[in-house]
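Heads up, the thing below is written out as structure tokens.
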Amino acid sequence: AYGFDRGFDMFVSYGSGLVHPALDLCDGTTLSRLLQRGMDGDQMVIAKAKRWVRAHKEDRFFLYVHLFAPHRPYAPPHAYRDRWVDSGFKGVEVQGAAPGETLDPAVMDNVLQRYEAEVAYADSLVGQLLDSLKHLHIHDSTAVFITPDHGEAFGEHDNWEHGQTL
């Protein structure tokens with residue numbers, strides 16, 4: 001996991017299948033395997049974080065939670081798809097384009113709508129975690145920092161996805 005686990009007492013990554021040996025909770029299950037099984041890795045992460053906070057609410061703690069959404073493939077849960085994505089779209093749902101390629105405006109709208117649906121979903125998950133802090137009466141004594149790990153390009157300067165530009 002690129003050293004992301006260094007310095008943590010407990011580290012769980014559904015993306016890479018790494019699990020702290022003491023946990024024995026997903027026996028190396030990766031995010032792609034969870035998705036193949038129709039399971040929501042981000043919801044599992046939030047549920048685990050909420051359980052962890054509940055167990056440590058009396059302690060001083062540092063908790064880092066990283067969600068996968070929004071991320072390709074843009075496949076938001078049905079409730080978010082129904083709200084954000086035009087159900088009348090008849091084209092092929094693409095994830096992006098080759099450098100220099102221009103997408104048809106309807107296809108581009110579909111990509112952006114699915115991305116925005118995933119942003120809304122991630123926002124709701126963060127809200128669930130924040131609500132649990134309120135429920136546990138620790139929200140006033142807990143500092144919360146929210147930051148993305150990167151942005152996403154949608155054809156700006158002929159770039160798609162992330163990792164190629166600043």
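As the structure is a computational prediction, the values presented were derived from the model and not from experiment. Computation of the quantities below employed the complete heavy-atom set of this structure, encompassing side-chain atoms and omitting hydrogens, waters and symmetry-equivalent molecules. Along the sequence shown, the residues carry numbers beginning at 1.
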Do [X] and [Y] have side chains that get closer than 4.5 Å, going by heavy atoms?
X      : Y      : result
Val53  : Ile138 : yes
Arg81  : Gln113 : no
Asp86  : Asn110 : no
Val107 : Val92  : no

Can you give me the closest heavy-atom contact between [X] and [Y], atom names plus distance?
X      : Y      : result
Val111 : Gln95  : CG1-O, 4.3 Å
Pro70  : Ala122 : CD-CB, 4.3 Å
Asp104 : Ala106 : OD2-N, 3.0 Å

I need the [X] [atom1] to [Y] [atom2] distance, nearest 0.5 Å.
X      : Y      : atom1 : atom2 : result
His137 : Thr142 : NE2   : OG1   : 12.5 Å
Lys50  : Leu130 : NZ    : CG    : 11.0 Å
Arg51  : Ile46  : CZ    : CD1   : 11.5 Å
Asp131 : Ser124 : CG    : OG    : 10.5 Å
Trp52  : Arg54  : CH2   : CZ    : 13.0 Å
Leu103 : Met108 : CG    : CE    : 6.5 Å

Quick one: does Asp59's side chain have a donor or acceptor within less than 3.5 Å of a partner on Phe61's backbone?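 Checking the backbone N and O of Phe61 against the side chain of Asp59, no donor-acceptor pair under 3.5 Å is found.
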Asp42 (side chain) donor-acceptor with Leu67 (main chain) under 3.5 angstrom: no
Using 30° and 60° as the class boundaries, would you call the ring planes of Phe154 and Tyr74 parallel, tilted or perpendicular? tilted
Please step through side chain to side chain contact (heavy atoms under 4.5 Å, CB included) for the pair Phe68 and Glu118, ending with a clear verdict. CA-CA 10 Å; Phe68 192 70; Glu118 285 208 352; over 6 Å; no
Step through the shown structure and confirm whether more than 12 heavy atoms of other residues, nucleotides or ligands are within 6.0 Å of NE2 on His56.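 Yes, NE2 of His56 has more than 12 neighbouring heavy atoms, counting only those of other groups under 6.0 Å.
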Strictly below 4.0 Å, N to O, side chains only: are Arg114 and Glu152 in salt-bridge contact?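 Answer for the salt bridge query: no.
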Given salt bridge (charged side-chain N to carboxylate O under 4.0 Å, His left out), test Glu93 with Arg72 step by step and report yes or no. CA-CA 12 Å; Glu93 288 193 340; Arg72 281 184 46 187; over 6 Å; no
Polar contact flag, side-chain donor to acceptor under 3.5 angstrom, Tyr80-His78: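 On atom types as modelled, these side chains do not qualify, holding no pair under 3.5 Å.
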Please assess Val126 against Val65 for the test side chain to side chain contact (heavy atoms under 4.5 Å, CB included), listing each intermediate value before the final yes or no. CA-CA 9 Å; Val126 171; Val65 176; over 6 Å; no
